[in-house]
Amino acid sequence: MFKTRSHEMRDELRRKFWPNEDAWTGERELGFFQAPRTLPLLLLLLSSKTLSGRKNPSRVYIELWARHMGGGVIDMRPETEHAYAAGYTSNRGMRTWRDNMALLESTGFIKTKKIGNQQYRYVLLIHPTAVVEKLKAQKKVDEEWVTAYEARQTETKERSYAQRMKEKKDAEKAAKAAKVLQMKSKKPAQKATA
């Protein structure tokens, strides 16, 4: 694995200050998940009274991220397994877990697909920047949180919603242009008339 200068510096700090500790480095590890570095702020937003009232779906949301294996889609296990992992261990907890799943969907953080008797068979994680943009438009996010979120996006080089949409639009234009060029090159040659 290629190590950057900052990575080498952190390795040096770890050896200097914690030489005998078994640190989590992520190297040669299996069983961890990718998540946006703004995730703690998203959990704060989810726990806000403005967005969730007296509920707090943040544990359910983080549990979904931990199940994500790529492509934005989560192949759900039995609901009791997800509820337990999110901290809901009783029958009443199952109802709370379901309420929080419904809240995550109604606020736009996830989309779900019911199959047969399983209410939550598949879950789609919606890109956080798209969720935040929608909530900002609905005036459900306070300015202090937005400022902290946008500052963290800048620090981590996370693309903003506007940047993501511009890149998507540019990619669509490029794909259309390539298709037009491909169609032009497939035209049969015209026969010369004498």
Side-chain angles (χ1 to χ4, degrees), residues 24 26 29-165 168:
W24 172 264
E29 296 288 349
L30 298 174
F32 65 96
F33 66 97
Q34 290 184 331
R37 292 185 185 273
T38 53
L39 186 58
L41 288 168
L42 295 167
L43 298 175
L44 175 64
L45 176 63
L46 278 168
S47 68
S48 72
K49 295 207 183 307
T50 306
L51 193 63
S52 301
R54 292 180 21 196
K55 296 178 183 167
N56 183 354
S58 59
R59 291 186 315 191
V60 173
Y61 190 59
I62 192 76
E63 197 275 337
L64 292 173
W65 273 99
R67 299 282 181 154
H68 175 247
M69 300 297 279
V73 176
I74 302 160
D75 186 357
M76 298 290 281
R77 301 287 176 227
E79 292 180 356
T80 52
E81 188 177 322
H82 292 279
Y84 186 84
Y88 302 107
T89 58
S90 67
N91 287 338
R92 184 170 177 247
M94 278 303 304
R95 191 174 119 216
T96 304
W97 179 83
R98 285 186 192 109
D99 290 347
N100 283 321
M101 286 291 288
L103 180 59
L104 287 170
E105 188 160 25
S106 70
T107 53
F109 283 85
I110 64 172
K111 297 286 182 191
T112 65
K113 186 67 177 170
K114 178 182 178 179
I115 305 266
N117 288 337
Q118 192 172 350
Q119 178 66 39
Y120 300 109
R121 180 61 183 97
Y122 297 107
V123 172
L124 178 69
L125 290 171
I126 302 302
H127 198 289
T129 60
V131 177
V132 169
E133 192 67 22
K134 179 180 168 189
L135 293 173
K136 281 173 27 181
Q138 295 171 350
K139 308 256 189 265
K140 292 185 177 180
V141 185
D142 71 41
E143 283 303 311
E144 186 177 319
W145 184 89
V146 170
T147 301
Y149 178 75
E150 290 174 351
R152 185 65 179 141
Q153 281 184 302
T154 301
E155 290 169 12
T156 63
K157 298 178 178 63
E158 180 181 308
R159 295 174 300 156
S160 69
Y161 178 77
Q163 290 167 325
R164 288 183 61 248
M165 292 302 102
K168 184 177 179 179

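Each residue takes its place number in the sequence, starting with 1. Quick caveat, the model's predicted, so the values are computed rather than measured.
Going from atom CZ of Arg59 over to atom CG of Leu46 covers 13.0 Å, rounded to the nearest 0.5 Å. From Thr129, atom OG1 reaches atom CZ of Arg164 across 4.0 Å, with rounding to the nearest 0.5 Å. Distance check, rounded to the nearest 0.5 Å: NZ of Lys168 to CD of Gln163 gives 15.5 Å. One finds the CG atom of Leu64 at 5.0 Å from the CE atom of Met101 (value rounded to the nearest 0.5 Å).
For the salt bridge (Lys or Arg N to Asp or Glu O under 4.0 Å) test, residues two or more places apart in sequence or in another chain that qualify with Arg159 are Glu167. Every residue two or more places apart in sequence or in another chain was checked for a side-chain hydrogen bond (donor to acceptor under 3.5 Å, both in side chains) with Arg77, and none qualifies. For Tyr88, there are no ring pair (Phe, Tyr, Trp, His ring centres under 6.0 Å) partners at least two apart in sequence or on another chain. Under the rule for a salt bridge (Lys or Arg N to Asp or Glu O under 4.0 Å), Arg95 has no partner lying at least two apart in sequence or in another chain. Listed by chain and residue number, nothing satisfies the side-chain hydrogen bond (donor to acceptor under 3.5 Å, both in side chains) test with Gln118 (two or more places apart in sequence, or in another chain). Shown here are the side-chain hydrogen bond (donor to acceptor under 3.5 Å, both in side chains) partners of Thr80, two or more places apart in sequence or in another chain: there are none. Judged as a side-chain hydrogen bond (donor to acceptor under 3.5 Å, both in side chains), and not counting sequence neighbours, the contacts of Thr38 are Glu158.
Residues Leu42 and Pro36 share a closest heavy-atom pair of CD1-CG, 4.4 Å. Of all non-hydrogen atoms in Leu124 and Val73, the two that sit nearest each other are CD1-CG2, 4.0 Å. Contact between Trp65 and Pro128 at its shortest, heavy atoms only, is CZ2-CG, 4.1 Å.
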List the atom pairs, with distances to 0.1 Å, where a side-chain N or O of residues 133-144 and a protein N or O form a donor-acceptor pair under 3.5 Å, not counting sequence neighbours.
from	atom 1	to	atom 2	distance (Å)
Lys136	NZ	Glu150	OE2	3.2
Asp142	OD1	Glu144	N	3.2
Asp142	OD1	Trp145	N	2.7

Could you pull out all donor-acceptor pairs under 3.5 Å where a side-chain atom in residues 109-117 meets a protein atom, sequence neighbours excluded?
from	atom 1	to	atom 2	distance (Å)
Thr112	OG1	Glu105	OE1	2.8
Thr112	OG1	Glu105	OE2	3.2

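For the salt bridge (Lys or Arg N to Asp or Glu O under 4.0 Å) condition, no pair includes a residue of residues 36-56, sequence neighbours left out. Residue pairs meeting the ring-ring contact (aromatic ring centres under 6.0 Å, His included) criterion with at least one partner in residues 116-139, sequence neighbours excluded, are Trp97-Tyr120. Residues in residues 65-75 take part in these salt bridge (Lys or Arg N to Asp or Glu O under 4.0 Å) pairs, two or more places apart or across chains: Glu63-Arg67, Arg67-Glu81, Asp75-Arg121.
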- Query: For Tyr61 and Leu103, what are the C-alpha separation, side-chain angles and deciding distance, and is it a side chain to side chain contact (heavy atoms under 4.5 Å, CB included)?
  - Reply: CA-CA 10 Å; Tyr61 190 59; Leu103 180 59; over 6 Å; no
- Task: Would you sort out whether Leu125 and Ile74 count as a side chain to side chain contact (heavy atoms under 4.5 Å, CB included), showing the intermediate values?
- Result: CA-CA 8 Å; Leu125 290 171; Ile74 302 160; 3.9 Å; yes
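Of the listed residues (Thr154, Val132, Leu44, Leu45), just one forms a side-chain contact (heavy atoms from CB on, under 4.5 Å) with Tyr149, and that residue is Val132.
Looking only at distances, no side-chain donor or acceptor of Ser47 sits under 3.5 Å from a matching main-chain atom of Asn56. At distances below 3.5 Å, at least one donor-acceptor pair connects side-chain atoms of Thr96 with backbone N or O atoms of Arg92.
Counting non-hydrogen atoms of other residues, nucleotides and ligands closer than 6.0 Å to CD of Gln34 gives a total of 12 or fewer.
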